[in-house]
Trainee: 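One structure coming up, written as structure tokens, with questions to follow.
FYI, side chains are in, hydrogens and waters are out, and symmetry mates aren't considered; it's all heavy atoms of this structure. Just so we're clear, the structure is a prediction, and the values are computed from it rather than from any experiment.
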Amino acid sequence: MDWRTLAVVFASVLAVWAILIGLLWVFRPRDVALGELLRVIPDVVRLVRRLLGDRALPVGVKVALVVLLVWLISPIDLIPEFIPVLGPLDDVVVAVLILRYVRRRVGLEGLRSRWPGTPDGFALLGRIIGSG
């Protein structure tokens with residue numbers, strides 16, 4: 001294999017990675033401090049568990065939630081976790097995107113009825129994933 005071909009393949013992979021990082025940056029949650037995100041994580045995990053156990057939910061919602069769990073558990077990340085600030089960004093953005101999908105399918109009231117935390121925590125979740 002020619003070294004130029006390897007260089008083109010490497011540059012292409014690097015370009016795709018940079019585009020994905022850019023998309024993650026665009027879709028990141030705004031106006032929410034990292035401390036607030038960390039505070040709501042345990043309740044979100046319990047919410048996901050409740051949603052997965054609900055037999056009335058569409059299969060597509062459950063598949064999306066399983067994808068989210070696999071993504072969060074996977075040691076392979078688009079941005080390595082050891083990079084300050086940006087490390088957890090891909091996990092947060094994927095979680096927000098999937099939870100937005102779940103909100104559209106289940107509805108805000110459906111999420112609220114399954115929310116295990118405080119009303120303030122649910123308000124924060126609404127700020128993170130959007131309330132409409």
Trainee: Can you name the closest pair of heavy atoms from P116 and L47 and give their distance?
Mentor: CG-N, 4.0 Å
Trainee: Any pair with a residue in residues 113-125 that passes side chain to side chain donor-acceptor pair (under 3.5 Å), sequence neighbours left out, goes on the list, sorted by first then second residue, please.
Mentor: D54-R114
Trainee: About how many Å separate OH of Y101 and CG of L68, when rounded to the nearest 0.5 Å?
Mentor: 13.0 Å
Trainee: Measure across V102 and L51 and return the closest heavy-atom pair with its distance rounded to 0.1 Å.
Mentor: CG1-CD1, 4.0 Å
Trainee: Any chance you could measure I98, atom CD1, to R103, atom CZ, to the nearest 0.5 Å?
Mentor: 14.0 Å
Trainee: For the atom pair CZ (R100) and CD1 (I128), what is the distance rounded to the nearest 0.5 Å?
Mentor: 10.0 Å
Trainee: So, using side-chain contact (heavy atoms from CB on, under 4.5 Å) as the criterion, who are the partners of V66 when residues are at least two apart?
Mentor: L52, V70
Trainee: To the nearest 0.5 Å, how far apart are CG in L57 and CG in L65?
Mentor: 8.0 Å
Trainee: Is it the case that the side chain of R112 and the backbone of F122 share a donor-acceptor pair, with hydrogens and angles ignored and the cut-off at 3.5 Å?
Mentor: no
Trainee: Decide yes or no on side chain to side chain contact (heavy atoms under 4.5 Å, CB included) for I129 and L111, but give the supporting numbers first.
Mentor: CA-CA 11 Å; I129 66 171; L111 288 177; 4.0 Å; yes
Trainee: Is there a donor-acceptor pair closer than 3.5 Å between any side-chain N or O of R105 and the backbone N or O of G60?
Mentor: no
